[in-house]
Novice: 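Quick one: the structure is below, questions incoming.
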There are 4 protein chains.
Amino acid sequence: MAKVRQKTERRERVLECALKIFAEKGFQDATISEISKAAQVSDATVYEYFKTKEELLFSIPEQITESSIRESEKVLPFLRGAEQKLRALVQSYVTTYERNPEYTALIMLHLKTSRNFLQTKAYEVVQVAARMMLACIREGIETRTFRKDTDPYLVRAMILGTIEHLFTRKHLMGNPPELMSQVDPLVDLILDGIRAKGLPAGTPSPPCCWMMTAPAAEEKKKS
Amino acid sequence: MAKVRQKTERRERVLECALKIFAEKGFQDATISEISKAAQVSDATVYEYFKTKEELLFSIPEQITESSIRESEKVLPFLRGAEQKLRALVQSYVTTYERNPEYTALIMLHLKTSRNFLQTKAYEVVQVAARMMLACIREGIETRTFRKDTDPYLVRAMILGTIEHLFTRKHLMGNPPELMSQVDPLVDLILDGIRAKGLPAGTPSPPCCWMMTAPAAEEKKKS
Amino acid sequence: MAKVRQKTERRERVLECALKIFAEKGFQDATISEISKAAQVSDATVYEYFKTKEELLFSIPEQITESSIRESEKVLPFLRGAEQKLRALVQSYVTTYERNPEYTALIMLHLKTSRNFLQTKAYEVVQVAARMMLACIREGIETRTFRKDTDPYLVRAMILGTIEHLFTRKHLMGNPPELMSQVDPLVDLILDGIRAKGLPAGTPSPPCCWMMTAPAAEEKKKS
Amino acid sequence: MAKVRQKTERRERVLECALKIFAEKGFQDATISEISKAAQVSDATVYEYFKTKEELLFSIPEQITESSIRESEKVLPFLRGAEQKLRALVQSYVTTYERNPEYTALIMLHLKTSRNFLQTKAYEVVQVAARMMLACIREGIETRTFRKDTDPYLVRAMILGTIEHLFTRKHLMGNPPELMSQVDPLVDLILDGIRAKGLPAGTPSPPCCWMMTAPAAEEKKKS
DNA sequence: AATGAATGAGGGTTCATTCAT
DNA sequence: TATGAATGAACCCTCATTCAT
């Protein structure tokens with residue numbers, strides 16, 4: 001039925017506009033009127049789709065995060081070795097964020113802040129991704145690729161923290177302009193720090209570009 | 001005169017309460033009434049001291065950040081070598097944050113978010129600290145302590161990002177419970193990654209405790 | 001045709017649910033959605049049957065009141081004497097109210113309040129009943145059963161007011177639990193007060209139970 | 001201080017206007033804006049005085065009811081005999097209501113309806129008045145003035161119900177125009193119905209006018 | 001200097017009602 | 001005929017900010 005299609009389209013338009021506006025002004029400074037006007041629907045219509053303003057906010061990450069995770073899960077099994085996997089995961093993060101700058105700003109600046117967000121479905125998905133990375137690091141330790149005394153939590157915190165820091169900087173100050181080129185230096189530096197000493201230090205795992213084909217949010221909808 | 005003294009005391013009481021409440025509920029969800037009540041002054045009095053709510057917010061970091069910086073500047077010249085200095089700086093950050101958890105929460109969750117904060121006097125101080133770290137890394141490169149191809153911006157981003165990530169986690173989820181013990185592993189890992197290969201890898205710079213005496217916000221007031 | 005039948009059924013289901021919900025929450029606090037959901041139809045369907053929310057409200061009393069009146073009109077001619085008739089009328093009121101508690105609550109708490117209700121078809125029916133009682137009292141005066149100086153309006157106000165008061169109390173506070181047993185004491189007390197003094201005071205008209213067979217709203221629908 | 005005086009005046013102006021408007025349009029159809037405009041204050045000021053719209057509503061009856069009760073309590077001890085007391089009480093009710101028609105409308109049409117009102121301080125005062133009447137009737141029974149089989153609850157319900165019915169009618173339909181003249185007929189009729197038969201029926205207790213001096217709400221404020 | 005009091009401006013949310021399908 | 005969907009129009013309430021005392 002055409003109605004259903006239209007409703008879905010409107011709902012997504014609302015989500016898109018909400019993303020843009022929340023990302024730009026923050027949750028509190030954005031108004032429903034503003035969003036509804038941008039989405040060319042009435043205030044009341046927004047409330048047809050989302051019970052409250054906060055539910056609207058928390059509904060934004062759902063699709064995008066989930067699709068991004070699914071992608072990683074598909075690719076990971078084909079990669080050999082903890083180093084390759086770790087690099088792939090980092091690249092996946094950065095790719096997703098680079099392709100969805102507004103979404104990234106929302107996450108970095110506004111959602112991470114919110115205690116309520118931690119109890120969200122969307123946050124669970126984030127946790128899944130974080131756990132994948134943890135598993136990857138642990139695998140490296142078990143297979144003796146990484147040093148025995150590596151603290152996997154610290155390593156993960158370093159990777160995630162660095163990515164977060166860089167994207168936040170980029171969003172607020174426009175610098176650095178792109179982050180893809182930072183993936184390999186970052187991963188190399190970390191690997192150098194945690195690689196078991198017995199291994200030939202001069203064998204860096206090759207930079208990989210397979211993630212280039214990972215789907216961005218916009219492309220997803222068409223399929 | 002006693003009056004002046006009293007006014008200063010009141011002003012500081014307002015700042016303290018504002019810090020507590022802003023840190024707990026965020027800028028938007030905190031109200032002036034709430035803060036003024038906690039500080040046992042009237043709403044109007046708050047506006048005697050600070051022109052707007054935002055000015056109150058931005059007035060909070062001033063003293064604390066500045067005092068922390070001054071401390072570092074005093075100690076740094078006595079330390080030999082980039083590695084020692086870097087370690088000292090990281091420890092300084094962590095110490096300051098650990099001693100002022102509410103202030104840290106405010107910075108991590110709410111101020112970093114705000115574009116207006118970037119044009120603040122308080123933010124300039126933050127930048128000074130960040131530049132000190134950058135200078136320190138560059139010194140390491142120039143003195144061949146660190147690899148020539150080290151990207152100082154990336155290294156700094158890693159350090160700051162990791163610290164931010166860990167404190168944010170701690171504040172929101174209570175885990176990890178303390179961060180002082182993470183300083184050395186973090187610095188070691190970074191150093192391992194950027195140390196020039198010619199050097200004997202087995203010579204970690206000694207963990208240092210000199211920063212233990214750095215002033216916390218609370219002690220500051222008494223002096 | 002089955003369709004017509006179905007439509008009538010739906011309409012009545014809406015009326016029933018509206019009665020229940022209006023009685024429970026009041027006109028303003030009840031929503032059309034709520035009613036339509038309870039009646040298992042859509043909001044729009046309610047508006048097919050009733051032009052506005054208020055029209056829905058005012059449509060509720062129609063059948064029930066009318067049927068109750070008709071009953072009284074049938075029985076009254078068979079009764080001899082103003083006293084008997086008065087008693088019968090009172091019993092009729094109480095019976096109707098006891099059998100339709102939700103309807104009663106609606107009338108007592110919400111409809112009596114509304115000025116618009118006074119211009120309703122349904123209210124006319126109420127007036128008819130009230131006028132029957134008035135006529136009855138007047139008949140008693142004319143036939144010298146009641147004192148010459150009896151104010152028929154006052155007497156009616158006493159009877160109706162007492163009934164209203166008792167039912168309101170019952171609805172709001174659950175006390176007294178039933179009102180049928182109050183009919184005779186009430187009527188006796190009134191009659192004692194208005195009976196012409198010449199008559200033997202010790203000849204109370206006999207309590208009557210014929211009204212027991214008066215139809216309740218539920219039974220009406222089946223016929 | 002002048003400020004305090006002014007605030008009190010404003011508060012009372014708000015209460016008065018709220019009374020008028022609530023009485024006229026009902027709780028739900030009245031808006032805060034309307035009331036604040038009538039009272040020449042801002043919406044926000046209304047909320048300075050009363051936390052919610054409902055609290056405003058429930059604050060209206062307080063003074064007026066209480067002052068009315070106090071009056072009755074003063075006078076009652078000077079009256080001899082249950083009949084006189086009962087008559088006095090009825091007169092007190094009617095006087096209060098006649099002098100405060102808007103307040104009466106509010107009570108009759110809107111407050112009696114509300115379940116929340118039953119848990120109000122103001123309602124407790126109403127209960128006190130009702131209990132005084134009950135006590136009075138019981139006293140009459142114990143002193144053999146009234147018949148042994150008199151149901152005091154029924155008698156009270158008759159009195160209160162009649163008064164309520166008459167005032168409601170008056171408010172909605174403008175008829176009867178005044179109720180003071182109904183007091184004696186009402187009381188006489190009731191008394192005739194409950195007076196113990198042994199007594200000389202021809203000795204009605206004298207109508208009394210002492211209540212004429214009872215204070216109305218308006219006069220109260222000046223004292 | 002300190003504050004009690006007042007308010008303008010605005011935002012989230014609800015719901016009766018309409019209309020195209 | 002029945003309804004899913006959309007919305008205009010309000011309203012309650014909050015709060016940063018001002019000002020007279």
Side-chain angles (χ1 to χ4, degrees), chain A residues 1-8 10-11 14 28-36 40-56, chain B residues 1 3-4 6-7 10-11 27-36 40-56, chain C residues 3-4 6-7 10-11 27-36 40-56, chain D residues 1-8 10-11 28-36 40-56:
Chain A
M1 206 173 169
K3 276 239 182 128
V4 171
R5 182 104 205 112
Q6 222 210 4
K7 183 173 178 183
T8 309
R10 279 164 166 259
R11 209 190 107 106
V14 171
Q28 306 264 14
D29 290 337
T31 70
I32 293 288
S33 298
E34 207 177 352
I35 293 168
S36 69
Q40 288 166 305
V41 300
S42 72
D43 283 32
T45 299
V46 174
Y47 281 91
E48 281 284 305
Y49 301 144
F50 309 95
K51 260 205 285 288
T52 66
K53 192 185 178 190
E54 203 180 40
E55 189 181 308
L56 170 58
Chain B
M1 204 174 167
K3 277 228 178 145
V4 172
Q6 220 209 8
K7 179 172 175 182
R10 283 167 161 255
R11 209 190 107 104
F27 177 68
Q28 306 265 12
D29 290 338
T31 68
I32 294 288
S33 301
E34 206 178 354
I35 293 167
S36 68
Q40 287 166 305
V41 300
S42 72
D43 285 30
T45 300
V46 174
Y47 281 88
E48 286 287 314
Y49 302 143
F50 309 95
K51 254 208 287 291
T52 67
K53 192 187 178 189
E54 203 178 41
E55 189 180 309
L56 169 59
Chain C
K3 278 226 177 148
V4 172
Q6 221 210 4
K7 177 172 177 182
R10 280 165 165 256
R11 211 190 106 104
F27 178 68
Q28 306 266 11
D29 291 337
T31 68
I32 293 286
S33 302
E34 205 177 353
I35 294 168
S36 68
Q40 288 165 303
V41 299
S42 73
D43 284 29
T45 300
V46 174
Y47 281 88
E48 286 288 314
Y49 301 142
F50 309 95
K51 253 208 288 291
T52 67
K53 191 187 178 189
E54 204 179 41
E55 189 181 308
L56 169 59
Chain D
M1 206 172 171
K3 275 237 182 132
V4 172
R5 182 104 205 111
Q6 221 209 6
K7 182 173 178 182
T8 310
R10 280 164 167 259
R11 210 191 108 105
Q28 306 264 13
D29 290 337
T31 69
I32 293 287
S33 297
E34 206 177 352
I35 293 168
S36 68
Q40 287 165 305
V41 299
S42 73
D43 284 31
T45 300
V46 174
Y47 282 92
E48 281 284 303
Y49 300 145
F50 309 95
K51 259 203 286 287
T52 66
K53 193 187 177 190
E54 203 180 40
E55 189 181 309
L56 170 58

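Throughout, protein chains are lettered first and strands after them, A, B, ... in sequence-line order, and every chain is numbered starting at 1. Predicted, not measured: the structure shown is a model, and the values here were computed from it.
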Novice: Between B:Gln28 and D:Asp29, which has a closest nucleotide on DNA chain F that is more 5'?
Specialist: D:Asp29

Novice: Would you mind telling me which of E:dT18, F:dT17, F:dC15 lies closest to the side-chain atoms of B:Thr31?
Specialist: F:dC15

Novice: When the distance from CD of B:Glu34 to C1' of F:dT14 is rounded to whole Å, what number comes out?
Specialist: 13 Å

Novice: Whole-Å distance between F:dT1 P and C:Arg11 CZ?
Specialist: 13 Å

Novice: Taking only residues two or more places apart in sequence, or in another chain, which ones meet A:Tyr47 in a ring pair (Phe, Tyr, Trp, His ring centres under 6.0 Å)?
Specialist: none

Novice: On DNA chain F, compare the nucleotides closest to D:Thr52 and B:Phe27; which residue's is nearer the 5' end?
Specialist: D:Thr52

Novice: Excluding sequence neighbours, so at least two apart, what forms side-chain hydrogen bond (donor to acceptor under 3.5 Å, both in side chains) with D:Glu55?
Specialist: none

Novice: Sequence neighbours left out, what passes side chain to side chain contact (heavy atoms under 4.5 Å, CB included) with C:Ser36? Give chain and number order.
Specialist: C:Val41, C:Asp43, C:Val46

Novice: Find the distance A:Tyr47:OH to E:dT14:C1' and express it as a whole number of Å.
Specialist: 10 Å

Novice: Nearest whole angstrom, please: distance from the C1' of E:dC15 to the NZ of C:Lys53.
Specialist: 8 Å

Novice: What is the separation between atom CG on D:Leu56 and atom C1' on F:dC12, rounded to the nearest whole Å?
Specialist: 12 Å

Novice: Rounded to whole Å, please give me the gap between CD1 in B:Ile35 and P in F:dT17.
Specialist: 11 Å

Novice: Could you write out DNA chain E as a dot-bracket string, with dots for unpaired bases, | for bases paired across to another strand, and Watson-Crick or G-U pairs counted at under 3.5 Å?
Specialist: .||||||||||||||||||||

Novice: Under the rule for side chain to side chain contact (heavy atoms under 4.5 Å, CB included), what residues qualify as partners of A:Glu34, not counting sequence neighbours?
Specialist: A:Ile21, A:Lys25, A:Ala30, A:Thr31

Novice: Only counting residues at least two apart or in another chain, list the ones meeting side chain to side chain contact (heavy atoms under 4.5 Å, CB included) with D:Gln28.
Specialist: C:Gln28, C:Asp29

Novice: Quick one: pull up NZ in A:Lys7 and OG1 in A:Thr45 and give me the separation to the nearest 0.5 Å.
Specialist: 10.0 Å

Novice: Find every protein N or O atom lying less than 3.5 Å from an N or O atom of nucleotides 5-7 of chain F, and list the pairs.
Specialist:
residue: F:dA6; atom: OP1; partner: A:Arg10; partner atom: NE; Å: 3.3
residue: F:dA6; atom: OP1; partner: A:Tyr49; partner atom: OH; Å: 3.2
residue: F:dA6; atom: OP2; partner: A:Tyr49; partner atom: OH; Å: 2.8
residue: F:dT7; atom: OP2; partner: A:Arg10; partner atom: NH1; Å: 3.4
residue: F:dT7; atom: OP2; partner: A:Ser42; partner atom: N; Å: 3.3
residue: F:dT7; atom: OP2; partner: A:Thr45; partner atom: OG1; Å: 2.3

Novice: Taking ring pair (Phe, Tyr, Trp, His ring centres under 6.0 Å) as the test, write out the residues that go with B:Phe27, two or more places apart.
Specialist: B:Phe22

Novice: In whole Å, I'd like the distance from the CD1 atom of D:Ile32 to the P atom of E:dG8.
Specialist: 16 Å

Novice: Mind checking what makes side chain to side chain contact (heavy atoms under 4.5 Å, CB included) contact with A:Glu48, not counting sequence neighbours?
Specialist: none

